[in-house]
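Single-structure report; data block below.
Start at 1 and go down the list; that is how both ligands and their atoms are numbered.
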Amino acid sequence: MREKIIIDTDPGQDDAIAIFLALAAEDRLETLGVCAVAGNVPVVQTTANALRIMDVAGRRAPVYQGAEGPLVYELETAEFVCGPDGMDGAGLPGPVSVAEDGHAVDFIIRTLRAADDASITLCALGPLTNIALAFRLAADVKAKVKRIVVMGGAMNLGNITPAAEFNFYVDPHAASVVFNAGIPIVMMGLNITHKAICTHEQVARFAASETATGRSINGMLTRPRPASLGSVGHPVHDMCVIAYLLWPELFSGRDCDVQIDASDGPLRGRSTIDWNNRLKKPGNALVIDTIEPQTLFDRAIEKISILS
Ligand code: BDR
Ligand code: CA
C-alpha cells in the first residue's frame with residue numbers, strides 16, 4: 001500500500017528536489033497535497049515555485065498557499081542563499097498551473113479529519129507554521145497523523161545563526177508546538193543534511209538524464225553558494241525527508257527529547273537534543289545521526305530520471 005503524504009514546503013532548491021523525488025516515487029508515495037509556507041521567500045513565491053515544480057516534472061498534486069509568516073516573529077527570508085525567486089539556477093519559467101482555492105491549513109485539517117487514525121505522514125520541509133496552526137485550530141487531527149518527518153534543527157552548529165538552523169529559527173514557536181504534539185517525529189537536522197551533498201559526478205548525472213527536470217536540478221546544484229553557510233557543495237537538506245520514507249535503511253538515529261528555544265535572543269530557534277538522556281524524559285523525536293549519501297543520491301538520481 002502506498003504511504004499517504006502531505007508535503008509542507010517553502011521551495012527553495014532543496015525543497016524542489018525533495019518534491020521531485022516524491023512525485024517520481026508515486027509507486028510508493030501518494031502525495032495528497034503540497035502546502036506552501038513562507039520561509040526561503042514569501043509565500044506567494046513559494047506557492048508559485050511549487051507550481052513550477054509540478055509543471056516541469058509533468059506531474060500534478062494539488063498545491064495550496066499557506067501562512068504568510070511565523071506565529072509570533074516577523075518573517076525573515078533567505079534570498080541571499082536561494083536567490084530572488086527562491087529557486088536560482090533552476091531556469092524554470094513562471095507557473096502554468098494554478099493553486100487550489102482555500103488555505104493550506106484548511107486543507108491539512110480537512111484532509112486529516114477525513115482520514116483513518118495514524119494514516120497520513122506529514123513531510124515538513126520549511127518553517128512549521130502551517131502544521132502548528134492546524135494542530136492549534138483542530139487538535140483532533142493530531143490522531144490522524146502517522147508521523148512527521150521534519151527537516152529542521154541541528155545537533156551542533158546552526159546555519160542561519162551560530163545556534164540555529166533556518167526552519168526552526170524562522171518560526172521557533174511553531175517548531176515547539178509540533179515537537180510537543182505527542183506525534184512520532186523523525187528529525188533530519190543539519191548534522192545529517194550537511195552530509196547529503198551530491199558529488200560532482202552525481203550532479204552531472206542529473207543533467208545527463210536529458211530531461212527538463214534533470215537540467216533544472218543540475219542548474220540548482222551548480223549555482224554559486226555563500227561560503228559562510230558552513231558546507232562545501234549544496235546540501236540537499238529537504239530531500240533527506242522524502243528519502244527517509246523510501247529508504248529508511250540508509251539512516252539511523254536515536255529517540256531523544258528535543259526542545260526548541262523560542263526566546264528572542266542569540267539562542268532563538270536552537271534545538272536542544274538530550275542525546276544522552278540526561279533529563280530522563282521519554283523521547284519525542286527520532287534524531288537521525290547517520291546517513292549513506294552516496295547510495296542515497298545514486299537511488300534518487302535513478303528515480304527522478306523518470307520525470308519529464
Ligand atoms: C532549510 O532551510 C531552507 O533554506 C532549506 O530549504 C531547508 O529546508 C535548511 O536549513
Ligand atoms: Ca525548505
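Under 4.0 angstrom from ligand 1, the non-hydrogen atoms of Asn159 all belong to its side chain. If you look at Ile160 next to ligand 1, there are no close heavy atoms at all, none under 4.0 Å.
Ring pair Phe179/Phe168: centre-to-centre distance below 6.0 Å. In this structure, Phe166 has its ring center at least 6.0 angstrom away from the ring center of His237.
Close approach of ligand 1 to Asp15 is summarised as follows: ligand atoms under 4.0 Å from at least one heavy atom of the residue are 6 (O). If you number the atoms of ligand 1 from 1 as listed, the ones under 4.0 Å from a heavy atom of Leu125 come out as 8 (O). Close approach to Met151 involves these atoms of ligand 1, each under 4.0 Å from a residue heavy atom: 1 (C), 7 (C), 8 (O), 9 (C). Within the listing of ligand 1, atoms 2 (O), 3 (C), 4 (O), 10 (O) sit less than 4.0 angstrom from a heavy atom of Phe166.
The existence of a salt bridge linking Lys281 and Asp257 is confirmed by a sub-4.0 Å separation between a basic side-chain nitrogen and an acidic carboxylate oxygen. Ion pairing between Arg60 and Glu100 holds under the 4.0 Å rule for side-chain N and carboxylate O.
Comparing heavy-atom distances from atom 5 (C) of ligand 1 across Asp14, Thr46, Thr9 singles out Asp14 as nearest.
Taking backbone and side chain together, Leu125 holds an N, O or S atom under 3.0 Å from the Ca ion (ligand 2). In summary, Asp14 places no N/O/S atom under 3.0 Å from the Ca ion (ligand 2), failing the contact criterion.
Checked against a 3.5 angstrom limit, the closest N/O atoms of Asn40 and ligand 1 fall inside it. Taking only nitrogen or oxygen atoms, main chain and side chain alike, Gly126 does not reach within less than 3.5 Å of ligand 1.
At the shortest separation from atom 8 (O) of ligand 1 among protein heavy atoms lies Asp238 OD1, 2.7 Å. Remark: minimum distance from atom 9 (C) of ligand 1 to any protein heavy atom is reached at Glu165 OE2, 3.2 Å.
Of the inter-residue distances, the one linking Leu112 atom CG with Ile6 atom CD1 reads 5.0 Å to the nearest 0.5 angstrom. How far CG of Asp14 is from CG of Asn40: 7.0 Å, rounded to the nearest 0.5 Å.
The backbone N or O of Pro42 lies less than 3.5 Å from no partner atom in the side chain of Gln45, so there is not a single donor-acceptor pair. Within the 3.5 Å criterion, the main-chain N or O of Lys4 finds no donor-acceptor partner in the side chain of Glu30.
Of all N, O or S atoms in Asp10, the one lying closest to the Ca ion (ligand 2) is OD1.
A heavy-atom distance below 4.5 Å is not found between the side chains of Leu286 and Ile185.
No hydrogens or angles considered: a donor-acceptor pair under 3.5 Å links the side chains of Gln259 and Asn180.
Vertex the Ca ion (ligand 2), arms ending at OD2 of Asp238 and OD1 of Asp15: the angle is 70° after rounding to 10 degrees.
Heavy atoms of Val81 come nearer than 4.0 angstrom to ligand 1 in no pair at all.
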